[in-house]
Structures are given as structure tokens and as C-alpha cells.
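Encoded as C-alpha cells, the structure appears first; notes follow it.
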Amino acid sequence: MPDRIVFDFPLAEFQLRAHAALDAGRNVLVSAPTGAGKTAVAHHAVNLALDAGRRLAYTAPIKDLSHPVHRALVAQLRPSSVGRLTGAR
């Protein structure tokens, strides 16, 4: 299993700019339509955290949105490096 998320598609200009800003240690706010590829920016932040040996929290506004993201991260990274906290009982 890789220790990084691999992008198997060409990145859009807004993604490249956001990645460059994250690489420079800056914060980013991405506003784009549904399906435009905002998750690729978040996944780049995941890669940066993993490269630095850090932990991070990936949040979603609705619990149901966290399930596909969790599955995708488990599929691309070592399952032992991905967890989920939903607050559900």
C-alpha cells in the first residue's frame, strides 16, 4: 500500500494553485461547484501531513459524506493509518 494518495488525472488550475499554496505552508479555502475536484486539494493536504509524520482530521459537514471519503482513504493508504470518528453512538 502506498503512503500517499496518487492522482491519476490531470489537475485543474485551481487545484495546482491550491497545492502550491499548501506546499508553501499557507492555508487555502477552495470554493468550487460540486464535482469540480475540491477533494483533490484535501487529499494533497493529507499527503503533506503524512510526509511530515503528522496526524490530521478530515471533516465533513454530514456524517453520510464521511463514509465515501473514509473508504477512498482506506483504499489508497494503509488501513492502519486511517480512522473515523463520527460521534454516533
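Residues take their numbers from the sequence shown, with the count starting at 1. Bear in mind the structure is a predicted one, so any value in this text is a computation, not a measurement.
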- Item | All side chain to side chain contact (heavy atoms under 4.5 Å, CB included) counterparts of Ala40, not counting sequence neighbours |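 Counting only residues at least two positions away or on another chain, Ala40 forms a side chain to side chain contact (heavy atoms under 4.5 Å, CB included) with Phe7, Phe9, Leu11, Gln15.
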
- Message: Going by the rule side chain to side chain contact (heavy atoms under 4.5 Å, CB included), which residues pair with Ala36 if we only count those two or more places apart in sequence or in a different chain?
- Response: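 Partners of Ala36 by the side chain to side chain contact (heavy atoms under 4.5 Å, CB included) criterion, ordered by chain and then number, come out as Phe14, Ala32, Pro33.
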
- Query: Applying the 4.5 Å side-chain criterion to the ILVMFWY set and letting contacts propagate, would Leu16 and Val28 be lumped into a single cluster?
  - Reply: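 No; tracing contacts between hydrophobic side chains, which count when under 4.5 Å, never links both residues.
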
- Query: Is Val46 linked to Val74 within one hydrophobic cluster, defined over Ile, Leu, Val, Met, Phe, Trp and Tyr using a side-chain heavy-atom separation of less than 4.5 Å?
  - Reply: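 In one cluster: yes.
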
- Task: Mind jotting down which residue pairs meet the ring pair (Phe, Tyr, Trp, His ring centres under 6.0 Å) criterion with at least one end in residues 51-77? Sequence neighbours excluded, please.
- Result: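 Ring pair (Phe, Tyr, Trp, His ring centres under 6.0 Å) check on residues 51-77 returns no pairs.
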
- Query: Got a sec, which residues hit salt bridge (Lys or Arg N to Asp or Glu O under 4.0 Å) with Asp51, two or more places apart in sequence or on another chain?
  - Reply: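 Listed in chain order: Arg4.
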
- Query: Residues in ring pair (Phe, Tyr, Trp, His ring centres under 6.0 Å) with His44, at least two apart?
  - Reply: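 With sequence neighbours excluded, His44 shows a ring pair (Phe, Tyr, Trp, His ring centres under 6.0 Å) to His19, given in chain and number order.
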
- Query: Is Leu48 close to Leu56 at the side-chain level, that is, under 4.5 Å between some pair of heavy atoms?
  - Reply: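 They are not in contact (no side-chain heavy atoms under 4.5 Å apart), so the answer is no.
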
- Message: Side chains of Leu50 and Ile5, heavy atoms from C-beta outward: is any pair under 4.5 Å?
- Response: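 When only atoms from C-beta onward are counted, Ile5 and Leu50 do not touch, as no gap falls below 4.5 Å.
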
- Item | Point-to-point distance, once rounded to the nearest 0.5 Å, from OG1 of Thr39 to CG of Leu73 |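 Rounded to the nearest 0.5 Å, the OG1-CG separation comes out at 9.5 Å.
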
- Query: Restricting to pairs with a member in residues 12-38, which pass salt bridge (Lys or Arg N to Asp or Glu O under 4.0 Å), not counting sequence neighbours?
  - Reply: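 Qualifying pairs: none.
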
